[in-house]
Number of protein chains: 2
Amino acid sequence: MNTTNDKIRYTAFKLFLERGYEATNIRDICSRVDIKAASMYFYYKSKQELFFSIYDDIWSEELECMRNIPELAEKTAPDTKLYHLFKNTIEYNIRDMIKFKFLLRYHLFPPEEIAVVIVEKYKYWTNQENELIQVIIKQCMDNKLLYDNRSLKEYLREYRKFVNLHVTDMILSNIRLSGSELDHLWNKFWNCTMLNG
Amino acid sequence: MNTTNDKIRYTAFKLFLERGYEATNIRDICSRVDIKAASMYFYYKSKQELFFSIYDDIWSEELECMRNIPELAEKTAPDTKLYHLFKNTIEYNIRDMIKFKFLLRYHLFPPEEIAVVIVEKYKYWTNQENELIQVIIKQCMDNKLLYDNRSLKEYLREYRKFVNLHVTDMILSNIRLSGSELDHLWNKFWNCTMLNG
DNA sequence: GTCTATAAGAGGATAGAC
DNA sequence: GTCTATCCTCTTATAGAC
């Protein structure tokens, strides 16, 4: 948060989130950073390059966080692992809700000018994330903790839907769920949806 | 869909939905309608006026539809009424998913220029909708179909969250739920969330 | 690295003719 | 009702000095 580049990235992130890509202009970003618009072009060759540099960083940070959940490395039951993955994901998104909101904005409503690249990058990053989740779900199925009358893909979709919707709801309602509320939701989800879909 | 005004409204709706308010310009709307930009100003005094005319219409139409659900006028049990309200609301949004998506876009990410008015209008319209829902929930509580250890407001929030999230999920995943899937979801919701919160 | 100056274009909106 | 012509402002991006 010290270098000019850091300031540009931080300011651009906030404006891209609040105003959107089209309504954010280089002059506004730069005036807040206290440089002239032309100076931005020393760091990034275009507005698009600046945007995607920020976009990729958000995904990469979130994945890094998911890969470093200590409980996933331990020798715990796979259903417990999935619970920890869920809880850590939600808590990460509560801490950094604006990052999720940023991604939500551009996945739901990609600006025409950058839509093709966004879709491409979205596929890449969700695939990375899915691999992580699928390993655990597969372990659950192998250990008969999840029935195999449903496919891995279906379970994956249920899990992703569950996580996404609760984060989306926190954004829409501006309510942050507590640890015990999360546990309650998880139990309801596991029993009502995963076991008795 | 015959008059010039209809064409302007329909085209503007599509562009406001897909490109967003800031990225949609009068010239683009008018070139598709096959008139010159200046002609738009005969119908609307500004871009904002055009936008809010469309915005209000979407809400008003949805409320009209909810108020005309035949089962709500009949002398059926209030929990059955709530089920019909849910099913009709979802089915209406499946038919006109882009209208829900339009509202979602501007409620989640209101353009700065029109944010204040959007928030004001959003409050007005959701209040209208809430009154309709609350009447039925109150009947459920009066008839002991819902326990009164939770407040009317809490039940209302659970109901709204349930409906909103499933419509949002349909938009995000591009999957439309069938009638039997809706029934299944409703039973799970009623038993797991409303009765055993 | 950061600046000034400027090119080259797109945007909302209005005046006034027909 | 619809047009042409135009105003004025804002935008991304580049050239070239320091």
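First the proteins, then the strands, lettered A, B, ... as listed; each starts at 1.
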Check the distance between [N]'s [atom2] and [X]'s [atom1] and give it to me in whole angstrom.
X	N	atom1	atom2	answer
Arg19(A)	dC10(D)	CZ	C1'	13 Å
Lys36(B)	dC18(C)	NZ	C1'	16 Å
Phe51(B)	dG12(C)	CZ	P	14 Å
Met40(B)	dG12(C)	CE	C1'	8 Å
Ile26(A)	dG9(C)	CD1	P	19 Å
Lys45(A)	dT14(D)	NZ	P	10 Å
Tyr44(A)	dA13(D)	OH	C1'	17 Å
Glu113(A)	dA10(C)	CD	C1'	13 Å

Residue mapping more 5' on DNA chain C - nearest nucleotide basis, Phe42(A) or Ala38(A): Phe42(A)
- request: May I ask you to check whether Lys87(B) and Tyr83(B) show a side-chain donor-acceptor distance below 3.5 Å?
  value: yes
- request: Verify the distance criterion only: is there a donor paired with an acceptor across the side chains of Thr3(B) and Asp6(B) at less than 3.5 Å?
  value: yes
- prompt: Which nucleotide in the list dT6(D), dT14(C), dA13(D) gets nearest to the side chain of Ser46(A)?
  reply: dA13(D)
task: Output the single nucleotide from dG1(D), dA13(D), dG12(C) whose closest atom is nearest the side chain of Tyr43(B).
output: dG1(D)
message: Students often mix this up, so state it plainly: with edges at 30° and 60°, are the rings of His166(B) and Phe162(B) parallel, tilted or perpendicular?
response: perpendicular
- prompt: Are Tyr55(B) and His107(B) close enough that their ring centers fall under 6.0 Å?
  reply: yes
Aromatic ring proximity, centroids under 6.0 angstrom, Phe16(A) and Phe51(A): yes
message: With a cut-off of less than 4.0 Å, is there a side-chain N or O of Thr4(A) near OP1 or OP2 of dG1(C)?
response: no
- prompt: Phosphate oxygens OP1/OP2 of dC3(D): is one of them under 4.0 Å from a side-chain N or O of Ser39(B)?
  reply: yes
task: Could you tell me whether Thr3(B) contacts a base, only the sugar-phosphate backbone, or nothing, with contacts defined as non-hydrogen atoms closer than 4.0 Å?
output: nothing
